[in-house]
Each structure stands twice: as structure tokens, then as C-alpha cells.
Amino acid sequence: MKAIVIDEYGSAEKLHEAELEVPQIAADEVLVKVVATSINPIDWKARQGMLKAMFNWSFPVVLGWDLAGIITEVGKDVTSFKIGDEVFARPDIYQDGKRGTYAEFAAVKEDKLALKPERVSFEEAAAIPLAGLTAWQVVVDQLKVKKGEKILIQAGAGGVGIFAIQIAKYLGAYVATTASPKNNELLRRLGADVVIDYHTTSVKDVLKDYDAVFDTIDQIDEGLSILKPEGRLVTIAGQPTEKQQAGTQSVSAWWLQPNGKELSDLGKLVEQGKVKVIIDSTFDLSANGLREAHKRSESHHAQGKIVIKN
């Protein structure tokens, strides 16, 4: 099968096309023909070698951890899916580094899969899993945001932030976020009640007595400064210090846990129009397409998700 790989860590230019074996699936896995995938910051951070401490991969490495596609093979223990099903998923990060989604086929464990909603395109579905699930798990599971509460979501125009704003509004929260002025209109349209220009204004100068903070940019102290004494903060960008965790506020870090059931719930909200998928740009599954997509993501100028079509 065709795959876009790296043979060493480095710049986007290290991405190139290679011919690899189609993944062999385990009894609890399915094989998916990838129709679309998408870019997340973890992709280029991994390409740069920033995940070496966590994953001791051997080259060549296939990056990518979002997919939407069609099942072509089913493991003997799989009961909830069949060949021909249209699905989407955030697959596991496999230790061999060979099973990313920048490829024609990918293996996915049954419990990480969700059926693609009929009225959601493959491109939209591919943009949901990693960013959408991260937002869902922090806002719903970790922060447990309730109707009427006030939440600050840092960097609202990023892939995770866009989903987090909409999920928090769906739950009935009052939402503040930070962003560049060019993203103000979009974020207000998605439900943000307050959009703060982080270039000119510190959140601690304009916000106070918030119930929850979703930190996506490693500004934990700033987040804590606007929280109520019993407020909650979850970060996906930093690691709270003992001092930050010593007060009355709840402070913790979160790393996404792929979950097919939660992904299915989120997909239904997208199909119902309660959560919108914002796609910044689309590239093809080629070495040049992936290089340009990585550069776009690294620029921090993308408004929404960057999608790759096979």
C-alpha cells in the first residue's frame, strides 16, 4: 500500500512516499480503507522527534491519528462492525510506529471505532476524532461542566478549542475564549460569549470567578488566577506543579483516551447540527500534500481542521 512516512526526525521535507505492507489485523481489530485523515499538532511534534521519550519507534514511521473510511476486513472477535461499514476513529498509537493513518489502509481496534453518521461527510468525520474527543473528555468527563457555569477555553480557534466551545455551549455553559481578532466572528457564531484578544489583553484583567478553565496553551497560572476557590482547571498542554496543585482549586492534566462510544455520541451531535466541523483546508494524500498540510498546521494560522483526502 501507499503510505507517507518519515525515515528520520526533522522538518516537513522529511515526509515522503513509500510502499509498505498492508497492516495485519488482530482478532479484535478491523482493517479500514482510509478515505480521509486530518492533521493535529501531535503529528508535526512527533515528526520533529518530540515524542521520542514516550514512543521508541523504529523507522520508517507512519504518522496520523485520525481516520474516516470503509471497513474491508474484520477480525474474528469483532461483533459490532462488518465489511462495508463506513466508520471513523482515533486509532491507538501503536508501538511499532507503522500504523498511522497517512496510508491507504489502517488497523483499528473495535472499541475505538464509531459508525460514520450518514449525513456527515468522510472529510468532516476525519476532522472529528482526536480534537473532538479531547474536547469532549475534558469538558464533559474531567471538568464536568454544568448548565449555567462559566468556563474559559484557551485558544478557541484551534482544532480542540472549536469543539470545546460548542460542547460547553451544548451543556448550557457561559463560554469565554482567547483568540486573534480575525477569529472573533467565527467563535461568536459557534457560541462563545466573550472572545478576548490575547495579543492585547490578559484574561486575568477581564475575567473572574470562573468555574472551569480548559488550558490548551500551558498558561496554568493565568487560568488559576480567574478561577473561583473551588474551581477546576484541566490542561492538555502542560504539567501542573506541586504548588499549582496545593490550593483549593482542582488542577490536573489530561491525555486523550480513544473511545468509540464517546466518538459515536459526538458524531450524533455533529449530524444533528448541534456541533459544527470547521475545516480550514484540504490536501491530498501525497508527500507534497502532507508537507504543505504540516506547514499550515505549524504556522498556527489554520482556522479549524486541516484534512487529507486519499
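Within 6.0 Å of NZ on Lys295 lie more than 12 heavy atoms contributed by other residues, nucleotides or ligands. Enclosure of atom NZ in Lys2 by more than 12 non-hydrogen atoms of other residues, nucleotides or ligands within 6.0 angstrom is indicated. Within 6.0 Å of CG on Asp205 lie more than 12 heavy atoms contributed by other residues, nucleotides or ligands. Within 6.0 Å of NZ on Lys182 lie more than 12 heavy atoms contributed by other residues, nucleotides or ligands. The neighbour count for Lys146 NZ, taken as heavy atoms of other residues, nucleotides or ligands under 6.0 Å away, is above 12. Other residues, nucleotides and ligands place no more than 12 heavy atoms under 6.0 Å from the NZ atom of Lys276. Atom CD of Glu21 has 12 or fewer heavy atoms from other residues, nucleotides or ligands within 6.0 Å.
Between Tyr9 and Phe59, the gap from one ring centroid to the other is short of 6.0 Å.
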Give the intermediate values and the outcome of side chain to side chain contact (heavy atoms under 4.5 Å, CB included) for residues Trp65 and Ile42.
CA-CA 9 Å; Trp65 293 285; Ile42 190 177; 3.8 Å; yes
With side chain to side chain contact (heavy atoms under 4.5 Å, CB included) as the criterion, how do Ile167 and Leu266 come out once you've worked through the C-alpha distance, each side chain's angles and the decisive distance to 0.1 Å?
CA-CA 9 Å; Ile167 292 167; Leu266 183 52; 4.2 Å; yes
Working note: Val22 + Leu31, criterion side chain to side chain contact (heavy atoms under 4.5 Å, CB included); need CA distance, chi angles, decisive distance, verdict.
CA-CA 9 Å; Val22 173; Leu31 187 69; 3.6 Å; yes
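For the pair Asp85 and Lys116, the salt-bridge criterion is not met [side-chain N within less than 4.0 Å of a carboxylate O]. Ion pairing between Lys309 and Glu123 holds under the 4.0 Å rule for side-chain N and carboxylate O. Ion pairing of Lys228 with Glu149 is absent here, as no side-chain N (NZ or NE/NH1/NH2) approaches a carboxylate O to less than 4.0 Å. Checked for salt-bridge contact, Asp28 and Lys109 meet the test: a charged N lies under 4.0 Å from a carboxylate O. The pair Lys169-Asp193 meets the salt-bridge criterion, with a side-chain N (NZ, NE, NH1 or NH2) lying under 4.0 Å from an Asp/Glu carboxylate O.
In the hydrophobic clustering, Phe122 connects to Val35, Ile70, either directly or through intervening members, whenever side-chain heavy atoms lie under 4.5 Å apart.
Counting only heavy atoms from C-beta outward, the side chains of Arg99 and Ile93 never approach each other to under 4.5 Å. The side-chain heavy atoms of Asp92 and Pro258, taken from C-beta on, include a pair separated by under 4.5 Å. When side chains are defined from C-beta on, Leu63 counts as touching His294, because their heavy atoms get closer than 4.5 Å. The shortest distance between side-chain heavy atoms of Ile236 and Asp215 does not fall below 4.5 Å. Between Pro23 and Lys98, the closest side-chain pair of non-hydrogen atoms is not below 4.5 Å. At least one side-chain heavy atom of Ser281 sits under 4.5 Å from a side-chain heavy atom of Arg296.
Asn310 and Glu104 form no side-chain donor-acceptor contact under 3.5 Å, judged by distance and modelled atom types alone. Side-chain atoms of Gln154 and Thr216 include no donor-acceptor pair closer than 3.5 Å. In the model, His301 has no side-chain atom that pairs as donor or acceptor with a side-chain atom of Asp280 under 3.5 Å. For the residue pair Gln24/Glu29, the side-chain donor-acceptor check at 3.5 Å is not satisfied. Of the N and O atoms on the side chains of Asn288 and Ser286, not one donor lies less than 3.5 Å from an acceptor on the other residue. Between Gln257 and Gln137, the side chains place no donor N or O within less than 3.5 Å of an acceptor N or O (distance only, hydrogens not considered).
The two residues Ala68 and Ala125 come nearest to each other via the heavy atoms CB-CB, 3.8 Å. Minimum interatomic distance between Gly238 and Asp218 (heavy atoms only, all atoms of both residues): CA-OD1, 3.5 Å.
For the salt bridge (charged side-chain N to carboxylate O under 4.0 Å, His left out) criterion with Glu8, the lone passing option out of Lys14, Lys52, Arg47 is Lys14.
A cation-pi arrangement is present between Lys33 and Phe105 under the rule of less than 6.0 angstrom and at most 45 degrees off the ring axis.
The CD1 atom of Ile220 sits 4.5 Å away from atom CD of Gln244, with the distance rounded to the nearest 0.5 Å. Between the CD1 atom in Ile226 and the CG atom in Leu152 there is a gap of 4.5 Å [rounded to 0.5 Å].
Put simply, the side chain of Trp136 never gets that close to the backbone of Ala164: no donor and acceptor are under 3.5 Å apart.
Sorted by first and then second residue, the ring-ring contact (aromatic ring centres under 6.0 Å, His included) pairs with a member in residues 172-217 form an empty list; sequence neighbours excluded.
No continuous path of ILVMFWY side-chain contacts below 4.5 Å connects Ile153 to Ile217, so the two sit in separate hydrophobic clusters. Neither Tyr102 nor Tyr94 shares a network with the other; the hydrophobic side chains, linked directly or stepwise wherever heavy atoms of I, L, V, M, F, W or Y lie under 4.5 Å apart, form separate groups for each.
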